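So the structure is just underneath, and the comments pick up after that.
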2 protein chains.
Amino acid sequence: MIFSSKAEYGVRLMVELGRQSPEQPTSLKAIADAEGLPLAYLEQVVARLRKAGLVMSARGAHGGYWLARPAEDIAMVEVVQALEGAIAPMECFVHDHTERVLCSHEPDAGRGCATKLLWTRVQGGIIRSLQTTTLAELVEFSRRTELARTA
Amino acid sequence: MIFSSKAEYGVRLMVELGRQSPEQPTSLKAIADAEGLPLAYLEQVVARLRKAGLVMSARGAHGGYWLARPAEDIAMVEVVQALEGAIAPMECFVHDHTERVLCSHEPDAGRGCATKLLWTRVQGGIIRSLQTTTLAELVEFSRRTELARTA
DNA sequence: TCCATATCCTACCAGCACGGTCGGATTGCC
DNA sequence: GGCAATCCGACCGTGCTGGTAGGATATGGA
């Protein structure tokens with residue numbers, strides 16, 4: 001019922017990258033300092049984003065990360081999916097190899113899996129909300145609240 | 001990102017109760033057998049539903065459980081909430097005492113919590129889908145698919 | 001060339017929640 | 001009284017989560 005901290009950290013990282021100009025890369029250390037997060041752990045988080053093709057990187061001195069696409073073209077469902085794996089409200093949604101008896105659905109179980117109907121709706125609700133939110137929105141929100149504070 | 005098995009078991013239990021006539025109580029053992037779930041564990045699950053006032057119980061021989069209200073009047077958000085606790089996509093939503101630095105939001109953190117905007121939307125999506133689904137729907141679905149199999 | 005700064009990669013670890021078991025107390029029908 | 005139930009709390013193994021450690025590799029600058 002709860003997303004792991006990878007999602008939280010990863011989203012913050014993406015917002016931070018969205019705030020930077022994509023000309024020069026931003027180092028993880030800068031982000032870790034700004035957000036107060038453990039650098040070594042952020043490395044693991046950003047690795048997922050890179051493998052998903054959401055950020056690009058340059059190694060060596062003055063290296064760092066930047067968004068692979070403009071923030072307007074990044075739906076948050078991609079980000080969360082990269083960080084958390086498949087978006088699923090129940091285990092049997094992601095592992096079809098139903099080792100545990102958690103899900104007795106369709107096959108010979110006697111009755112159709114009524115719960116599956118429920119979890120499908122929930123999944124739809126989650127995905128829809130993530131699909132209609134772009135990274136650019138979050139970046140702008142972050143800028144606006146920052147401004148409100150300064151004023 | 002995933003509900004625990006308590007939710008799965010509890011929802012199935014509620015559906016099972018919804019299929020029974022509320023005249024006489026249904027024993028946990030009958031449900032455990034029908035669904036292939038561990039009885040002792042189901043006891044813990046049903047305890048939550050009872051404390052939430054969703055089911056009623058009678059002790060002693062021929063005792064058991066039944067729905068406290070007609071299935072049409074039970075929104076699944078109540079059921080899931082009773083089983084899982086507060087519906088929250090991120091930890092800082094349920095524990096305001098932000099011990100871990102997970103959520104750096106508003107207070108003095110420098111910038112507004114952009115992630116909170118995202119998680120709020122996700123939470124809304126989940127709750128809406130759970131609110132618009134009644135137990136009666138699931139019961140009827142279960143009856144219909146059962147019929148389809150028999151045919 | 002050498003050093004500082006980065007990304008990258010893998011192994012490791014402690015804590016804790018989850019799923020589940022067990023034993024027993026209590027209640028109530030026959 | 002005995003059996004069938006609900007109730008209650010303690011316990012426990014295992015896996016995942018959040019995080020650390022250590023090093024390999026790449027690259028720009030002095």
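All values derive from a computational prediction rather than experimental measurement. Residue numbers start from 1 in every chain, and the chains themselves are labelled A, B, ... in the order their sequence lines are given, proteins ahead of strands.
In this structure, the CG atom of Leu39(A) is 7 Å from the P atom of dT7(C), given to the nearest Å. Atom CD1 in Ile2(B) sits roughly 14 Å away from atom C1' in dG15(D) (whole-Å rounding). Distance NZ (Lys51(B)) to C1' (dG9(D)): 10 Å, rounded to an integer number of Å. In this structure, CG of Leu83(B) is placed 12 Å from P of dG19(C), rounded to the nearest angstrom. Put simply, CE on Met56(B) is 15 Å from P on dT6(D), counting in whole angstrom units. As rounded to whole Å, 11 Å separates atom P of dT21(C) from atom CG of Leu37(B). Glu91(A) has its CD atom 12 Å from the C1' atom of dC16(D), to the nearest Å.
For the pair Phe93(A)/Lys116(A), a side-chain contact is recorded, criterion being any heavy-atom separation below 4.5 Å from C-beta on.
A heavy atom lying under 4.0 Å from DNA chain C marks the following residues of residues 41-50 of chain A, by number: Glu43(A), Gln44(A), Arg50(A).
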Expected list for residues 36-61 of chain B: side-chain donor-acceptor pairs under 3.5 angstrom, two or more places apart:
from	atom 1	to	atom 2	distance (Å)
Arg48(B)	NH1	Leu83(B)	O	2.8

Side-chain donor/acceptor pairs under 3.5 Å, residues 128-139 of chain B, sequence neighbours excluded:
from	atom 1	to	atom 2	distance (Å)
Ser129(B)	OG	Gly125(B)	O	3.3
Ser129(B)	OG	Ile126(B)	O	2.6
Thr132(B)	OG1	Arg128(B)	O	3.1
Thr132(B)	OG1	Ser129(B)	O	3.4
Thr133(B)	OG1	Arg121(A)	NH1	2.9
Thr133(B)	OG1	Ser129(B)	O	3.0
Thr134(B)	OG1	Ala136(B)	N	3.4
Thr134(B)	OG1	Glu137(B)	N	3.3
Glu137(B)	OE1	Arg121(A)	NH1	3.2
Glu137(B)	OE1	Arg121(A)	NH2	2.8
Glu137(B)	OE2	Thr134(B)	N	3.2

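Note: Phe3(B) CZ to Ile2(A) CD1 = 10.0 Å, rounded to the nearest 0.5 Å. The line from CG of Leu117(B) to CZ of Arg144(A) is 10.5 Å long, rounded to the nearest 0.5 Å. Remark: Ser142(B) OG to Glu16(B) CD distance equals 7.0 Å, nearest 0.5 Å.
Listed by first and then second residue, the side-chain hydrogen bond (donor to acceptor under 3.5 Å, both in side chains) pairs involving residues 73-90 of chain B are Ser4(B)-Glu84(B), Arg69(B)-Glu78(B) (not counting sequence neighbours).
A salt bridge links Glu8(B) to Arg12(B): at least one charged side-chain nitrogen sits closer than 4.0 Å to a carboxylate oxygen.
If Lys6(A) and Lys29(B) are placed on DNA chain D by their nearest nucleotide, the residue sitting closer to the 5' end is Lys29(B).
Nearest to the side chain of Ala40(A), among dC7(D), dC22(C), dT20(D), sits dT20(D).
A search for side chain to side chain contact (heavy atoms under 4.5 Å, CB included) contacts involving Thr26(A) returns Leu17(A), Gln20(A), Ala30(A), Ile31(A), not counting sequence neighbours.
Distances shorter than 4.0 Å separate some side-chain N or O of Tyr9(A) from OP1 or OP2 on dG19(D). Between Ser4(B) and the phosphate of dG19(C), there is a side-chain N or O to OP1/OP2 separation shorter than 4.0 Å. Using a 4.0 Å cut-off, some side-chain N or O of Ser5(B) falls inside it from OP1 or OP2 of dG19(C). For dC8(C), one of the phosphate oxygens OP1 or OP2 lies less than 4.0 angstrom from a side-chain nitrogen or oxygen of Ser57(A).
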Mind listing the N/O atom pairs, protein and nucleotides 26-30 of chain C, below 3.5 Å?
from	atom 1	to	atom 2	distance (Å)
dT26(C)	O2	Arg59(B)	NH2	2.8
dT27(C)	O2	Gly60(B)	N	3.3

